[in-house]
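Read through the structure below, which is laid out as structure tokens, and then see the notes.
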Amino acid sequence: MKVLVIGGGGREHAMAWKLSQSPRVSRVYVAPGNGGTALSGRLENIAITDVRALREWAQAEKIALTVVGPEAPLAAGVVDEFRAHGLKIFGPTQAAAQLESSKAFSKAFMQRHQIPTAEYETFSDPAAAHAYIDRMGAPIVVKADGLAAGKGVVVATTAQEAHDAVDFMLVDNKYGVAHNDGGARVVIEQFLEGEEASFIVLCDGKNVLALATSQDHKRLQDGDTGPNTGGMGAYSPAPVVTADVHARAMREIILPTVRGMEKDGIPYTGFLYAGLMIDAKGQPRTLEFNCRMGDPETQPIFMRLKSDLLDVMLAAVEGRLDQVELQWDRRTALGVVMAAHGYPESPRKGDAITGLPAEAEDAMVFHAGTVLDGETLRTSGGRVLCVTVLADSVRQAQQRAYDVARGIQFDGAQYRRDIGHRAIKDRS
């Protein structure tokens, strides 16, 4: 059986790696892939990104299943295109993907279906946005209303920082995000106190299957300081998601979302990621929805998954998720992102990468921003690698991951030294 994974980041490398382990899979293609997928003997890169061209290629190659990794192809309607030609593909339709591609759509949806989230207002007029910030004060959160590769959120600790974010996103439109009215838009919302966690499920339109819990680290530097990034590391499971929090998240957020989408005539299929803020009382509220798995959460989650991912994906596209039970490795998985010089503002490309270890049962280096230049592996993006390990405890996983990371070299490499610190704090 031939399988296609759409995307070229660390998330897609992990998906393709896991799918290739299925005895029923003869070949996994990755479009466009990266240096790591190019180096793997079990994977093959396909240099196609256009939605229609990908569909035509998948038809010609008789691809049995396609799994979509990143948000941009979903927002471009890749699922609609493939389904219209009878191809099996896992992901939300273009309409359903608005849960991520439009913050305004997502917030209005949550308000309409009483899904717990922060209070907010939406603005396309800079003067009105600035006046709202003056009225509400700080801390406050400013979000670009569109896809910004995980970086379109500013948690402003001062009013000036919020005003600057509005100018950046709305006046200058530095993210280049346009909507139906042809201009930029921002969502400004209440700052929520608590601890963040990533709650990711699979949906087949009616049934929901939760993946293992995880926690991301968004800030660039140790101690959760520095600018927001796409994610500097993650671990699974996340102790903050207790059994009670898990039950509440399913009951109050996930199931109402899936039922609400169905009620609105937009059945949701695909991965659904709810970024949760969990307060001191264990009340989860929704920070955001993503219509995909998180990156770097995918890497630790799939390191722990013992079930055959192909079987799970086929059940999802065939509406049989209620018949699936996932098996998980009891160990902790932890991933450390190694980023390029200058990330996140201006990552440098082209630095040679050396010292990569051989693949092991308990340690994998998933590639994101890499490219194979002849026989030399080079950096090609902001987040370059995710060193991901399995160990019996968070502390042991930290030690193992950093031992591996120290052996990998490229000029200007930067990574946090405290991934998993909250889990250790929670257990002390």
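One is the number of the first residue; the rest follow in order along the sequence.
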Roughly how far, to the nearest 0.5 Å, is CD1 of Ile253 from OG1 of Thr286?
3.5 Å
So does Gly275 get a backbone contact from the side chain of Glu288, meaning a donor-acceptor N/O pair under 3.5 Å?
no
Thr370 backbone acceptor or donor facing Ser380 side chain under 3.5 Å:
yes
Using only heavy-atom distances, determine whether the side chains of Arg55 and Gln59 contain a donor-acceptor pair under 3.5 Å.
yes
Evaluate side-chain hydrogen bond (donor to acceptor under 3.5 Å, both in side chains) for Asp222 paired with His421, printing each intermediate quantity in order.
CA-CA 9 Å; Asp222 290 5; His421 70 92; over 6 Å; no
Show your reasoning for whether side-chain hydrogen bond (donor to acceptor under 3.5 Å, both in side chains) applies to Thr269 and Arg83.
CA-CA 12 Å; Thr269 56; Arg83 284 185 183 169; 2.7 Å; yes
So, does Ser102 use its side chain to make a donor-acceptor pair with the main chain of Gln98 at under 3.5 Å?
no
Would you kindly say whether Glu297 and Gln215 are connected by a side-chain donor-acceptor distance under 3.5 Å?
no
Salt bridge or not between Arg24 and Asp311? Use side-chain N to carboxylate O under 4.0 Å.
yes
Would Arg417 pass as a cation-pi partner of Tyr415, given that its NZ or CZ must be under 6.0 Å from the six-membered ring centre and within 45 degrees of the axis?
yes
Short N-O contact, Asp392 and Arg330, less than 4.0 angstrom:
yes
Are Trp17 and Phe302 an aromatic pair by the rule of ring centers under 6.0 Å?
no
Using modelled atom types and a 3.5 Å cut-off, is there a donor and acceptor pairing between side-chain atoms of Lys206 and backbone atoms of Val258?
no
Give a yes or no on whether a salt bridge exists between Asp264 and Arg112, defined as a side-chain N under 4.0 angstrom from a carboxylate O.
yes
Is it true that the side chains of Ser214 and Tyr235 contain a donor and an acceptor less than 3.5 Å apart?
no
Donor + acceptor pair across side chains of His217, Asp418 (<3.5 Å)
no
Whether the side chain of Asn34 engages the backbone of Gly8 through a donor-acceptor N/O pair (distance < 3.5 Å, no angle test) should be reported.
yes
Keeping the roles fixed (side chain from Asn228, backbone from Val153), state whether a donor-acceptor pair exists under 3.5 Å.
yes
Taking atom NE2 of His13 and atom CG of Asp295, what is their separation to the nearest 0.5 Å?
12.0 Å
Check for a donor-acceptor pair, side chain of Thr388 on one end and backbone N or O of Cys386 on the other, with a separation under 3.5 Å.
yes
So that I can tick it off, tell me whether Asp329 and Lys306 are bridged by a salt bridge, with the cut-off set at under 4.0 angstrom between side-chain N and carboxylate O.
no
Hey, are Arg320 and Asp204 close enough for a salt bridge, meaning a charged N less than 4.0 Å from a carboxylate O?
no
Walk me through it: do Tyr29 and Ile63 pass the test side chain to side chain contact (heavy atoms under 4.5 Å, CB included)?
CA-CA 9 Å; Tyr29 298 94; Ile63 297 296; 3.9 Å; yes
Taking the basic N atoms (NZ, or NE/NH1/NH2) and the acidic carboxylate oxygens, is any pair closer than 4.0 Å for Glu100 and Lys107?
no
